[in-house]
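The model shown is predicted, which means the values in this text are computed figures rather than measured ones. Naming: A, B, ... by sequence-line order, numbering from 1 per chain.
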There are 4 protein chains.
Amino acid sequence: MSPTDGKGPRAQRKAARPMEILEAAFEEFSAQGYAATRVEDIARRVGVTKGTVYVYFESKEVLFGEMMRHLSTPLADTRAHIRSLEGPYPQRIEAFVRYVYQRLVADRKTRELLRLVVAEGARFPHLADRQDEEFMQPLCDAAGEMIREGVACGAFRPTPLAEIPELLISPALLRAVEHLMFDDRRSTDLEDFIAAHLELLWSALLPCEERAGTNGRTARPDA
Amino acid sequence: MSPTDGKGPRAQRKAARPMEILEAAFEEFSAQGYAATRVEDIARRVGVTKGTVYVYFESKEVLFGEMMRHLSTPLADTRAHIRSLEGPYPQRIEAFVRYVYQRLVADRKTRELLRLVVAEGARFPHLADRQDEEFMQPLCDAAGEMIREGVACGAFRPTPLAEIPELLISPALLRAVEHLMFDDRRSTDLEDFIAAHLELLWSALLPCEERAGTNGRTARPDA
Amino acid sequence: MSPTDGKGPRAQRKAARPMEILEAAFEEFSAQGYAATRVEDIARRVGVTKGTVYVYFESKEVLFGEMMRHLSTPLADTRAHIRSLEGPYPQRIEAFVRYVYQRLVADRKTRELLRLVVAEGARFPHLADRQDEEFMQPLCDAAGEMIREGVACGAFRPTPLAEIPELLISPALLRAVEHLMFDDRRSTDLEDFIAAHLELLWSALLPCEERAGTNGRTARPDA
Amino acid sequence: MSPTDGKGPRAQRKAARPMEILEAAFEEFSAQGYAATRVEDIARRVGVTKGTVYVYFESKEVLFGEMMRHLSTPLADTRAHIRSLEGPYPQRIEAFVRYVYQRLVADRKTRELLRLVVAEGARFPHLADRQDEEFMQPLCDAAGEMIREGVACGAFRPTPLAEIPELLISPALLRAVEHLMFDDRRSTDLEDFIAAHLELLWSALLPCEERAGTNGRTARPDA
DNA sequence: CATGAATGAGGCTTCATTCAT
DNA sequence: AATGAATGAAGCCTCATTCAT
C-alpha cells in the first residue's frame, strides 16, 4: 500500500479527478458563463477545494479550454454515425434528421456547448471553428451528400437542399436555441415538430405523386 | 419642443447622454458579455469617466437591464410591419421571409440581442421572455396566420407549416447563429441561401403543377 | 430691485443661507457622524443642491468646524447665567442644578454637541477643548465657588464637593449620556431623578439637624 | 486540548487570527469611528492584507458587530463580581465604587466601548441595548440592592440612592467621559476624586454621628 | 496529492469637489 | 448666487492564484 502502488481506491480516485473536474467545469461554465464562474464553484461541485483544481489545470482559462475540448470529443463520432445510416433514402433522411434532434436538442451537452460557443465566442474565437469543423460541417456534408445521392438515383427530386443542407438542419437548431432560452418553460411537443419538419422535407424531396401518401405523425414514406 | 431644444450645449449634451451610454453599453456587453464588461469600458467608449455612468444608471445591473429594454424597443414594430404586407400570398411570404432575414441576420442589433439572451439568460431569465413576446411570437403568429389565410383561399396547399410556423423562420435563425459564431469569417452567399429557403417553402406551399412556374427573383426554374 | 439692493426677499433668503446650512449640518452630522454624512444630505435638508453648500463653505471639513463653532456659541452665556443666580445658597444650588439639567439633558443641541465631541474627538481634538473651556469649566468653577461661598458663610458644611464640583454635575451628565444612547426609549422620570440628586446634595451640604426637614419631591430646604 | 494544540504553526496562526483581527478592529474603530475606518487599516495593524480580513469576516459591518460582541463579553462577569463582595456594608460600597471606576475609567476597553455606543448608536441601535443590559443595569441593580440591604439592617440611613442607584455611579461615568474627551490631557488625580465621591456617599448613607469617623482608606478626616 | 490561508490586482460604487452654465 | 453634470480618488469586496503544510 505504498503511495506508488497506483491501484488502490485512492489511486483510482486520483485518476478520475481530471475528468470529474472537467464535468463540473462544464456545469458551472455553461450555467454561469466563463467570467461569472468561480474556480471554487467548480471545486465544490467535485467535492474538493480550490487548490486541487490547480493541481490538474494551470489556470481557469486552461481549464475552460480543456473542458471545451473534452466536450467536443464526442462530436468526433458524428461522421462515423452518419456514415452508418442505411436503407432507402427517405428512411436515411429521417434517421439523419432524428439524429440531429437527438444531438442538438435532446443532448444537453451539445446544446450547452452551443450556448458556450455563442456566449464566449468573442473571447475564445477558436471555439466556433472547432464546433463547426467537428459538428456542423460533418452534418451538412453528410446531409448534402445523402441528398445528392438520392437525387442521382432518382429517389429525390432535384432540390437546392442538396447545395444548402443547412436548411435541413435549421429547425433542429431553432429548437436547440429555444431550449437554451427557455430551458423547459416553452416546451411544445417535439414529436409534432419533427413530424412537420419531415413533412416539409418530403414536399421538397419527393416527387409530387408520392407525396400524396405522406402523412401520419412522422410521415413514413417507406411504403 | 424636443427635450434638446432651447437649451445650451450643456443641456443638449445631458439629454443625449443616457442614449449614448446605452449604445456604448450595448457594444461592450454584446462583445464581452455582462460579467466581463467593465463599467469603465462603457464610459471610455462614450468619452466620459466611470462616475458619469453612475449619474445616469444606478448600477451595472440596472444599466444592463435598461440597455436590453432599449434594444428591445424596436422589436415592438415587428407586428405593425408584418401587418402591412400586401399582394398575392406567395409574394407576401417572400416579403415576410426577407423581413425576417433583415431583422435576424442583417440587423446587428437584433442579432446581438439574440446572443445576449442566449448568453445571459441564466442570470436574467426575463430577457428570454421579453425577446420571445416581442419578437419570436409576433413573427410566428403572423407567419401562421398568413399561411392559414393562403390555404383558406386556395393559394397554398394544406401544410403543417401553418401550425408550426417556426419551421419557416428557422433558416434565418441558423444564419443568425452562424453570424454570431463566425462574425464574417464564414460568409456563404446570403442571396443563394434565401433563394433556396424560398424554394423549399414553395415546394411545401404551392400545388405541384404551379411549382414549375415559380421563379420571380428567387425561385430558379432549374429544370 | 437691482441685485445689489440687499433687502429684497431674495436677499434676505441669501443672508439666511449660511445659518440654514449650519443648522442642517448639525442635524446630519449629529445623526450620522462626520464621515457618514454626505454634503448632499445637508444640502437637501436645506432645500438646495450640493453646489450651494460650497458657495458658503469651502469644504466639508470647514463646514463641520463652523457648525461646531456655531453650536458652541450659546455656551458662552453659561457664565453669565450662573452669575445671575441669587437668593439663599440652597436655592442657588438647586437653580444651578436645574440649569445644568436644562442644558445637558433637555437641550438637544448641547446633548448632541456632547455626542459629536465624544464621537469625533479623535479627528478634531480641539473640539473637546472648546467644549470644556466654554461649558464644563465654567459650570464647575461656578459650582465650586458657590459652594465655597456657602461654606464660608456657614450655610453649608465643609465638603469635598467644593474642590471637586464635577461630582455635583455628574448625575446630569449620566442622564445626558443615557439620552444619547437610548434617545427616548429608556425614559425614567426626570423629576424624580433630580429630586434624588438634590437630596444627595443636601445630605452632603446641610448640617445634620437641618436635613431632617428635607423631603418632599424636590427637597426644598428653604423653609 | 485547546484549539491551538497539536497543530503546526500555520494552524496556530489561523486559530489566533480572528481574535487578532477583532482586537485590531477595536483599536481602529474606536479611534476613527466606523465610517472613517478602512478595512485595510485593520488588516495592516494585524500585519496582513485586506483580503485576509474577508477570510474571517464577511463584511466590514459584520466585523464591527462581532468586534462589539467580543468587547461586550467581559461585561458578562459584572454580575458575578458584584455578588462576590463581602464585609460590612460601607466597605462593600467602597469596593463596589472602586470596581466601577476600574471598569469605566481604568479599563480602556470598556471606556472605548462607551465611545462606540455613543458615536455609532444611530447606525447600530442594538449596541446601546446590549451595553445597558450587560453593564449598566447589572451595576445599578447591584448597587440598589446593596443599599436597600444596608438600610434594612440599619447600617445605612434611608436614602433615595436606593431607588436611583445611577446617582452612585454617575461620577465614574463623568470621569470616563472626560477620559474619552481628553485622553490623558486633563488628568486631575483620580484618587482624590474617588475619595470625594465616597465622602459624598457617606454623607448620604451614614447616620450623622458616625460620619465623623469615616475615614478608612478614603475618607480624609481633614477637619 | 490535497488543503485552504493568504495575497493583491481589479472591479463596482460612492462622494467630495469643481466648474460651465 | 445657484445649479448639477462631471470628475476621479478612494473604499468595499471578490476571486484567481500561490504556497506552506
Side-chain angles (χ1 to χ4, degrees), chain A residues 3 10-11 13-15 17 35-43 46-63, chain B residues 7-15 17 35-41 43 46-63, chain C residues 3 10-11 13-15 17 35-43 46-63, chain D residues 7-15 17 35-41 43 46-63:
Chain A
R10 170 88 159 272
R13 180 89 190 155
K14 275 193 316 198
R17 273 286 149 77
T37 294
R38 293 177 301 146
V39 172
E40 197 167 5
D41 296 336
I42 297 169
V46 180
V48 297
T49 56
K50 267 182 312 190
T52 305
V53 174
Y54 283 90
V55 170
Y56 297 98
F57 301 94
E58 49 180 313
S59 73
K60 183 183 175 183
E61 192 162 343
V62 165
L63 172 56
Chain B
K7 303 291 182 53
R10 176 81 164 261
Q12 285 176 32
R13 190 86 200 158
K14 138 103 203 212
R17 272 287 143 77
T37 295
R38 293 176 305 142
V39 172
E40 195 166 8
D41 295 337
V46 179
V48 297
T49 58
K50 269 181 308 189
T52 304
V53 174
Y54 286 91
V55 171
Y56 297 95
F57 301 93
E58 48 182 309
S59 72
K60 183 185 175 182
E61 192 162 342
V62 165
L63 172 55
Chain C
R10 171 87 157 270
R13 180 88 189 157
K14 275 194 313 199
R17 274 286 149 76
T37 294
R38 292 177 300 145
V39 172
E40 195 168 7
D41 295 336
I42 297 169
V46 180
V48 297
T49 56
K50 268 182 312 189
T52 305
V53 174
Y54 283 90
V55 171
Y56 297 98
F57 301 94
E58 48 180 312
S59 71
K60 183 184 175 184
E61 192 161 345
V62 165
L63 171 56
Chain D
K7 302 293 182 53
R10 176 80 163 264
Q12 286 176 32
R13 190 85 200 159
K14 138 101 204 216
R17 273 286 143 76
T37 295
R38 293 176 304 141
V39 172
E40 196 166 7
D41 295 336
V46 179
V48 297
T49 58
K50 268 181 310 188
T52 303
V53 174
Y54 286 93
V55 170
Y56 298 95
F57 301 93
E58 48 182 309
S59 71
K60 183 185 175 182
E61 191 162 343
V62 166
L63 172 55

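- Checking the phosphate oxygens (OP1, OP2) of dG4(E), no side-chain nitrogen or oxygen of K50(A) falls inside 4.0 Å.
- Residue T52(C) has a polar side-chain atom (N or O) positioned under 4.0 Å from OP1 or OP2 of dT3(F).
- Interatomic distance, E40(B) CD to K50(B) NZ, rounded to the nearest 0.5 Å: 5.0 Å.
- Of the side-chain N and O atoms in T49(B), one or more sit less than 4.0 angstrom from OP1 or OP2 of dT7(F).
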Hey, mind stepping through V48(B) and R17(B) against side chain to side chain contact (heavy atoms under 4.5 Å, CB included) and telling me if it holds?
CA-CA 10 Å; V48(B) 297; R17(B) 272 287 143 77; 3.5 Å; yes
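- V53(C) and A43(C) get closest at one heavy-atom pair: CG2-CB, 3.8 Å.
- Comparing S59(D) and V48(B) by the nucleotide of DNA chain F whose heavy atom lies nearest to each, the residue mapping closer to the 5' end is V48(B).
- When the C1' atom of dT14(E) is taken as reference, atom CG of D41(C) falls 12 Å away, rounded to whole Å.
- Remark: dA20(F) base-pairs with dT3(E); criterion is Watson-Crick or G-U wobble with both hydrogen-bond distances under 3.5 Å.
- Nearest-nucleotide mapping onto DNA chain F: of T37(D) and V55(C), the residue sitting toward the 5' end is V55(C).
- Atom NZ in K60(B) sits roughly 15 Å away from atom P in dG10(E) (whole-Å rounding).
- Backbone-only contact: Y56(B) has heavy atoms under 4.0 Å from sugar-phosphate atoms and none from a base.
- Pairing for dC12(F) goes to dG11(E), judged as Watson-Crick or G-U wobble with the two contacts each under 3.5 Å.
- The distance from atom CZ of R17(B) to atom C1' of dA5(F) is 9 Å, rounded to the nearest whole Å.
- Atom NZ of K60(C) and atom OH of Y54(C) lie 8.0 Å apart (nearest 0.5 Å).
- Across the protein-nucleic acid pair, E61(B) atom CD and dG11(E) atom C1' stand 15 Å apart, rounded to whole Å.
- For the OP1/OP2 pair of dA5(E) and a distance below 4.0 Å, the side-chain nitrogens and oxygens of Y54(D) include no atom meeting the criterion.
- When rounded to the nearest whole Å, the span between CD of E40(B) and P of dT7(F) equals 12 Å.
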